[in-house]
Each structure stands twice: as C-alpha cells, then as structure tokens.
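Everything below concerns the one structure shown next.
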Amino acid sequence: MSDTKNNPSQNDSLPEKQTKTKKDYGIIDMMLSQPTQRVVDSETLIKQTQNRVWRALKSGYEYSPAADESDKFLRKHVSSRMKMVVLYVDLVGSTNIALELPEDKVAIIITCFAQEMASTIRQHSGYVLKFVGDAVIGYFPAEENQLAPADNAVLCGKSMISVIQKGINPILNQYDYPDLAIKVGIDYGENMIVRYGSDAQKSHVDILGPTMNIAAKIQNMAKPNQILIGDEVYTRIHPSIQSTFEKVVWKNNEWKYRRSTGDLYPVYAYVD
C-alpha cells in the first residue's frame, strides 16, 4: 500500500499498472513534500566512526557528552500527545560478548555501539530518548510533517547497519573481537510525553504510548542486521523507499499484535 492509493488526483494522472519513471517520482516528491535539503554523507559517517572506535580501543578515548536536545524538546511538550516515529535498535549477542571479553573491553564496545547509534539518529534529524542496556531508543517528531520523519527514520536504520558493518566491525576485527550485529524496529503513532515529578527542570521526562511498545515488539522480531517497520511507517515513506521493503509473512503465530479492527498489524522487512 502506498500513499498514492489514497490520492485520487494522483491515481488519475498515472494509468493503471504503469511503471513509474524518474519523472513520476519527481512529481510524487513534490506532492509528498519529499525533503531534499538534508543529505547524510555515509562515507564520512563511517570514517568518523572508525576513527572514534579505533581511538577508544587503542587509547581509551571517551565520547564527549552530546547536547541533550531531547530533554529540552520533551520538557517543552510535557503532558501533550504527539505524533512521532519511534526507532528501537538493539545489539545482538551482547551476552556472548560479555562472556568472551574482559570487562573493560566490553564496556568500551557497548559504549561505542550506543554512542555511534545515537550519533546516527541525530544525523538523521532524530532525537535520542534513552539508552536501555544494549539498546538505543530514538524518535522523530511528526506533528507538522508525517512523511519526512518516516523517511528519516528508515534511512537512519539503513545507516545504522552500514555504520556497524563498515565502520565498527572492521576495527573490531583488527583486535580479533567478534563482529557486532543489530536489530532495528520502527513504528509510527501518537504518544504521551510525561514528567515524573513537579520539578520542571530536573524531574525525569519520558514518552509513553502504544507506538513505543509496538516498535519494541517489532524490533524483537527482527533478524540480525534486519530492519522491520510497521504498516503505519510503510504507508508514509516515499514510494522509492517502499520498493525496498516487502511484507513479512509470519509463521506459527510468531507475530500476534492486532489492530482495533482485529486484523493482524502488517510488518515490512527491508530487502534491498
């Protein structure tokens, strides 16, 4: 299902079963307000990652704390409901890493993973909500525009896999450390921003809602180095990105989440 199905004027302009050309996508870009102003240079991202990870393993380099823009953003919207795209990324096999390597090296590797994933989220116009063990949770506000945040989140997931495979693992291999792998789950919906306490500046703030839970469940179903997205994300991403995903066919009731209608919630996997 794509956004073009919900736009009668666009369907009228494209004959049925006609193959979309680059010109067609240009028209769709304008109609969907596809952003072109932000381009993430993946090669630069990977080189920067390699440099930081190499320094961390060789000389104990520690990451500088990034400006906590998420905290500022959430405090401005406490007690409000907000549409957003939520991304969960989880490190695969962290238990084995903890058992096979010295504690100091485990700490460095987990820190590198978490900080590099956080950096990738920020590079794609997202916010880092928090670190939970060996997982990182990010979000992309979608109150003003639902399409760009969906694209950004999916492209972020793709960049995360590249950072792991081409940025972090080659450095780990030089030290005979095991390769890392990740699982990414993404979903869209409305959530509540809450503050646990009366202090507007210091009380803990967080995001609660079904999207947070579903994104976590989707991520849990992913295979190593796989991106899974919910239908609410799939219907909002650009057609050129949609073409790189295919609907997951579940076996043996692996996936049990259903919509309010009773229908199984569709999930799509990145296949390109």
When hydrophobic residues are tied together by side-chain contacts of less than 4.5 Å, even through go-betweens, does Ile108 share a cluster with Val106?
yes
Compute both the distance and the angle, then confirm whether Arg258 meets the cation-pi test with Tyr265: under 6.0 Å from the six-membered ring centre, within 45 degrees of the axis.
no
Distance, nearest 0.5 Å, that separates OG of Ser243 from CD1 of Ile237:
8.5 Å
Quick one: do the Tyr268 and Glu246 side chains pair a donor with an acceptor below 3.5 Å?
no
Return yes if some donor-acceptor pair links the side-chain N/O of Thr244 with the main-chain N/O of Ile241 below 3.5 Å, else return no.
yes
What one should report as the nearest heavy-atom pair of Arg195 and Ser203 is CG-CB, 3.7 Å
In terms of heavy-atom contacts, Lys256 and Asn253 come closest through CE-O, 3.3 Å
Would you say the side-chain atoms of Asn173 pair up with the backbone N or O of Asp179, donor to acceptor, closer than 3.5 Å?
no
Tell me, with the steps shown, if His77 and Met82 meet side chain to side chain contact (heavy atoms under 4.5 Å, CB included).
CA-CA 8 Å; His77 298 88; Met82 180 173 291; 3.4 Å; yes
Report yes if the side chains of Lys217 and Met221 come closer than 4.5 Å at any heavy-atom pair, otherwise no.
no
May I ask you to check whether over 12 heavy atoms, not counting those of Trp54, lie within 6.0 Å of atom CH2?
no
Could you check whether any side-chain N or O of Gln123 sits under 3.5 Å from a backbone N or O of Thr120, counting only pairs where one atom can act as donor and the other as acceptor?
no
Parallel, tilted or perpendicular: which fits the ring planes of Tyr175 and Tyr177, with parallel below 30° and perpendicular above 60°?
parallel
Are Ile109 and Ile168 connected into the same hydrophobic cluster when the rule is that any two of I, L, V, M, F, W, Y join if their side-chain heavy atoms are below 4.5 Å apart?
yes
Compare all side-chain heavy atoms of Pro141 with those of Phe73 and state whether any distance is below 4.5 angstrom.
yes
Please name the pair of heavy atoms, one in Lys247 and one in Pro266, separated by the smallest distance, quoted to 0.1 Å.
CE-CB, 4.0 Å
Going hydrophobic residue to hydrophobic residue with side-chain gaps under 4.5 angstrom, can you get from Ile121 over to Val184?
yes
Presence of salt bridge, Glu62 and Arg52, under 4.0 angstrom:
no
Hydrophobic cluster membership, with links at side-chain heavy-atom distances under 4.5 Å among I/L/V/M/F/W/Y: are Val92 and Tyr88 in one?
no
State whether the side chain of Ser70 and the backbone N or O of Val128 hold a donor-acceptor pair below 3.5 Å, judged by distance alone.
yes
Apply the test side chain to side chain contact (heavy atoms under 4.5 Å, CB included) to residues Val154 and Val233: give CA-CA distance (whole Å), side-chain angles for both, the deciding distance (0.1 Å), then the verdict.
CA-CA 9 Å; Val154 172; Val233 175; 3.9 Å; yes
Got a salt bridge between Arg259 and Asp231, using NZ or NE/NH1/NH2 to carboxylate O under 4.0 Å?
yes
Please confirm whether the backbone N or O of Ile182 pairs with a side-chain atom of Asn225, one donor and one acceptor, at under 3.5 Å?
yes
Note, Asn191 side chain near Val86 side chain (heavy atom, < 4.5 Å):
yes
Check whether His124 reaches the backbone of Gly126 with its side chain - one donor and one acceptor, N or O, closer than 3.5 Å.
no
Do Tyr188 and Met84 make a side-chain contact, defined as non-hydrogen atoms from C-beta onward lying under 4.5 Å apart?
no
Quiz question: by atom type and distance under 3.5 Å, do the side chains of Tyr139 and Thr211 form a donor-acceptor pair?
no
Interatomic distance, Asp134 atom CG to Ile110 atom CD1 [nearest 0.5 angstrom]:
6.0 Å
Separation of Phe113 CZ from Ile97 CD1 (nearest 0.5 Å):
9.5 Å
Measure from the side-chain N and O atoms of Glu143 to the backbone N and O of Lys83, and report whether any donor-acceptor pair falls under 3.5 Å.
yes
4.5 Å side-chain heavy-atom contact, Phe245 and Ile229:
yes
One pair to check against side chain to side chain contact (heavy atoms under 4.5 Å, CB included): Val163 and Met117. What are the steps and the verdict?
CA-CA 8 Å; Val163 165; Met117 295 300 97; 3.9 Å; yes
Decide yes or no for Leu228 and Tyr270: does some side-chain heavy atom of the first lie under 4.5 Å from some side-chain heavy atom of the second?
no
Leu87 vs Cys156 side-chain heavy atoms within contact, under 4.5 Å
yes
Counting N and O atoms only, with roles assigned by atom type, does the side chain of Asn252 sit under 3.5 Å from a partner on the main chain of Glu254, one being a donor and the other an acceptor?
no
Tell me the closest heavy-atom pair linking Leu264 and Tyr257, and the distance in Å.
CD1-O, 3.4 Å
Note: Asn152 and Ser125 closest approach over all heavy atoms is ND2-CB, 3.9 Å
Once you round to the nearest 0.5 Å, how far does NZ of Lys183 lie from CG of Leu91?
10.5 Å
When clusters are formed by joining ILVMFWY residues with side-chain heavy atoms under 4.5 Å apart, either directly or through shared neighbours, do Ile164 and Ile227 land in the same one?
yes
Do Val85 and Ile186 come close enough that some side-chain heavy atom pair is under 4.5 Å?
yes
Under the rule for salt bridge (charged side-chain N to carboxylate O under 4.0 Å, His left out), what residues qualify as partners of Lys130, not counting sequence neighbours?
Asp206
Does the Asn169 side chain pair with the main chain of Leu180, one donor and one acceptor, at a distance under 3.5 Å?
yes
Full working for side chain to side chain contact (heavy atoms under 4.5 Å, CB included) between Leu129 and Met212
CA-CA 11 Å; Leu129 177 62; Met212 301 294 296; 3.5 Å; yes
With a 4.0 Å cut-off on N to O distance, would you call Glu43 and Lys47 a salt bridge?
no
Looking only at atom types and distance, does a side-chain atom of Gln48 sit under 3.5 Å from a main-chain N or O of Leu45, one as donor and one as acceptor?
no
Value rounded to 0.5 Å, distance of CG in Leu208 from CZ in Arg81
10.0 Å
For residues Ala135 and Asp90, report the shortest heavy-atom separation together with the two atoms involved.
CB-OD1, 3.6 Å
Going from NZ on Lys158 to CE on Met160, what distance comes out if it is rounded to the nearest 0.5 angstrom?
14.0 Å
